[in-house]
Each structure stands twice: as C-alpha cells, then as structure tokens.
Amino acid sequence: MASIKQAYETADTMTITLASLANAAGRAGTAIDNTGNKDITAKVFVKVKTGPSGVSTTGYVSVWLIGSADGTNYDDGFGGTDAAYTPVNARLLGYLSTTANATTYQKTFNLEDQGIELPKKFSIGIYNNSGAALDATASNHAVIIVRSYKTVV
C-alpha cells in the first residue's frame, strides 16, 4: 500500500537587508520563484537581533507573506527585490516578541498549519516595531524558507 509523505526542498536563504532596519520600517526580500517546483507549502524561519538600546518592553517584529498569483504583480505593490516594504494587504504570518536590548529572537512559522499554500512567486516581509533600529550586523538576521510538497511512496 502506498503512503503519502511530506518531502522537503533545499532551504532557501532569502536575500533581505535587515541590518539597522529602523523602528516603524519594513523590508521585504528578493522574491522566490515557485513556478518550477510548484511546492505546496513551507516553513519560514526568521531570526532578528534587537539593537543595543531603546527597545520597548512591548516591542515586536511582524512577519508577512507577500504573494504573486500571476508571477508579476505582488501584494502591496512589492517589486520583487530586496527593498523597503510597508505591509497593507499581504498575509500576516505572525509576530516575534522583541522586548529586550541586544537580544536574538527567532521563530519558525509553519504555513501549512495556517492553511497557506504557496503562490507562483512570493517573498517575506519584515516590519520592525521593536522601538529601536535592529542590530547593525547583517549576520545577526536571517530569513530561511524550506518549501515542501506531498509525495507518494
């Protein structure tokens, strides 16, 4: 008897410039093209480090899925490249609570658990509401995406 199992693609490390991202500002990474693989869903790992001072005790970073159904036009007018971004109508994946200075926060967002299927092309947007700019070292931040699909074995 055949079984349906989850299969995973190689992880994509998104090109996104989060170093020194100002408070009340957002950034989205270079879009990932899903037209060839046609993966169904993904897990999105986000890591940010807060700045050395000024972080609010109620601070947070929000994480957004920016989709393109046709592969050209993206949610919120996003252009598909690593650039400034302000979320409006994209899909909110969730939040990272960022409540202390000079602290690394990380979380994995499981799109399948949220009932989200991947579009033809997509990106991840990060919006900083921590109360201060994020840490200035690029390697202290990351967005890694592991796409997956179902297979019969």
Side-chain angles (χ1 to χ4, degrees), residues 6-52 54-56 58-99 103-150:
Q6 188 107 343
Y8 296 97
E9 301 286 358
T10 302
D12 295 307
T13 299
M14 180 165 277
T15 300
I16 185 169
T17 306
L18 296 176
S20 300
L21 181 64
N23 183 57
R27 191 88 185 177
T30 301
I32 292 176
D33 188 340
N34 192 34
T35 56
N37 287 1
K38 298 177 177 68
D39 293 310
I40 298 169
T41 191
K43 290 178 175 49
V44 178
F45 170 80
V46 177
K47 177 178 86 168
V48 297
K49 184 175 181 183
T50 52
V55 173
S56 169
T58 59
Y60 64 92
V61 167
S62 55
V63 180
W64 301 80
L65 175 66
I66 306 162
S68 174
D70 64 3
T72 302
N73 299 297
Y74 290 87
D75 297 335
D76 301 338
F78 171 67
T81 60
D82 181 12
Y85 170 72
T86 301
V88 179
N89 292 311
R91 176 78 183 248
L92 177 63
L93 297 180
Y95 301 94
L96 283 87
S97 179
T98 54
T99 58
T103 303
T104 299
Y105 296 93
Q106 51 195 25
K107 183 174 181 176
T108 300
F109 299 88
N110 186 337
L111 276 57
E112 186 173 30
D113 287 350
Q114 297 185 39
I116 300 171
E117 290 185 358
L118 291 175
K120 284 185 176 182
K121 292 184 181 178
F122 65 95
S123 181
I124 300 299
I126 304 293
Y127 198 82
N128 178 16
N129 278 308
S130 69
L134 295 179
D135 183 83
T137 303
S139 62
N140 288 333
H141 312 282
V143 176
I144 300 169
I145 298 149
V146 179
R147 294 178 283 163
S148 64
Y149 57 94
K150 305 293 184 193

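- The side-chain contact (heavy atoms from CB on, under 4.5 Å) check on Thr41 picks up Gln6, Leu111, Glu112, Ser148, with sequence neighbours excluded.
- By the 4.5 Å heavy-atom criterion applied to side chains, Lys121 and Ile32 are not counted as neighbours.
- Contact check for Lys120 versus Lys38: no side-chain heavy atoms found under the 4.5 Å cut-off.
- When each of Asn140, Asn128, Val55 is tested with Leu134 by the rule side-chain contact (heavy atoms from CB on, under 4.5 Å), just one qualifies, namely Asn128.
- Between Ile126 and Val143 there is a side-chain heavy-atom pair separated by less than 4.5 Å.
- Shown here are the side-chain hydrogen bond (donor to acceptor under 3.5 Å, both in side chains) partners of Ser56, two or more places apart in sequence or in another chain: Thr58.
- In this structure, Ala11 and Ile144 approach most closely via the heavy-atom pair CB-CG2, 3.8 Å.
- For Ser20, the side-chain contact (heavy atoms from CB on, under 4.5 Å) criterion is met by Ala136, not counting sequence neighbours.
- With sequence neighbours left out, Ala83 forms a side-chain contact (heavy atoms from CB on, under 4.5 Å) with Thr81.
- Formation of a donor-acceptor pair under 3.5 Å by the Asp75 side chain with backbone atoms of Ala90 is not found in this model.
- By the 4.5 Å heavy-atom criterion applied to side chains, Ser62 and Leu92 are counted as neighbours.
- Scanning all heavy atoms of the two residues, the minimum distance from Leu118 to Ala42 falls at CD1-CB, 4.0 Å.
- Although no hydrogens or angles enter the test, the distance criterion places a donor-acceptor pair under 3.5 Å between the side chain of Ser123 and the main chain of Gly29.
- Scored by the side-chain hydrogen bond (donor to acceptor under 3.5 Å, both in side chains) test, Asp70 finds Ser68, Asn73 as partners (sequence neighbours excluded).
- Every pair passing ring pair (Phe, Tyr, Trp, His ring centres under 6.0 Å) that includes a residue from residues 59-78 is listed here, sequence neighbours excluded: Tyr60-Tyr95, Tyr74-Phe78.
- Applying the ring pair (Phe, Tyr, Trp, His ring centres under 6.0 Å) rule to pairs touching residues 106-132 yields nothing, sequence neighbours excluded.
- Qualifying side-chain hydrogen bond (donor to acceptor under 3.5 Å, both in side chains) partners for Thr10, counting only residues two or more places apart in sequence or in other chains: none.
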Kindly determine whether Tyr85 and Asp76 satisfy side chain to side chain donor-acceptor pair (under 3.5 Å), including the steps that lead there. CA-CA 8 Å; Tyr85 170 72; Asp76 301 338; 2.5 Å; yes
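- With sequence neighbours left out, Asp12 forms a salt bridge (charged side-chain N to carboxylate O under 4.0 Å, His left out) with Arg147.
- Taking every heavy atom of both residues into account, Pro119 and Gly67 meet most closely at CG-CA, 3.8 Å.
- Side chains of Lys49 and Thr103 form no contact here, defined as non-hydrogen atoms less than 4.5 Å apart.
- Once rounded to the nearest 0.5 Å, the distance linking OG1 of Thr108 with CG of Asp113 reads 11.0 Å.
- Proximity of Val46 to Leu96: side-chain heavy atoms (C-beta onward) are separated by under 4.5 Å at one or more points.
- Here Asp135 pairs with nothing under the salt bridge (charged side-chain N to carboxylate O under 4.0 Å, His left out) rule; sequence neighbours left out.
- Glu9 places none of its side-chain heavy atoms less than 4.5 Å from the side chain of Val146.
- Residues Lys47 and Thr104 are in side-chain contact: their nearest non-hydrogen atoms beyond the backbone lie under 4.5 Å apart.
- In this structure, Thr86 has no side-chain hydrogen bond (donor to acceptor under 3.5 Å, both in side chains) partners at least two apart in sequence or on a different chain.
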side-chain contact (heavy atoms from CB on, under 4.5 Å) evaluation trace for Lys107 with Phe45: CA-CA 6 Å; Lys107 183 174 181 176; Phe45 170 80; over 6 Å; no
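- For Arg27 (side chain) and Asp82 (main-chain N/O), a donor-acceptor pair under 3.5 Å exists by modelled atom type.
- Residues passing the side-chain contact (heavy atoms from CB on, under 4.5 Å) test with Ala19, sequence neighbours excluded: Ala138, His141.
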When you look at Val48 and Leu21, which way does the side-chain contact (heavy atoms from CB on, under 4.5 Å) test go after all the steps? CA-CA 10 Å; Val48 297; Leu21 181 64; over 6 Å; no
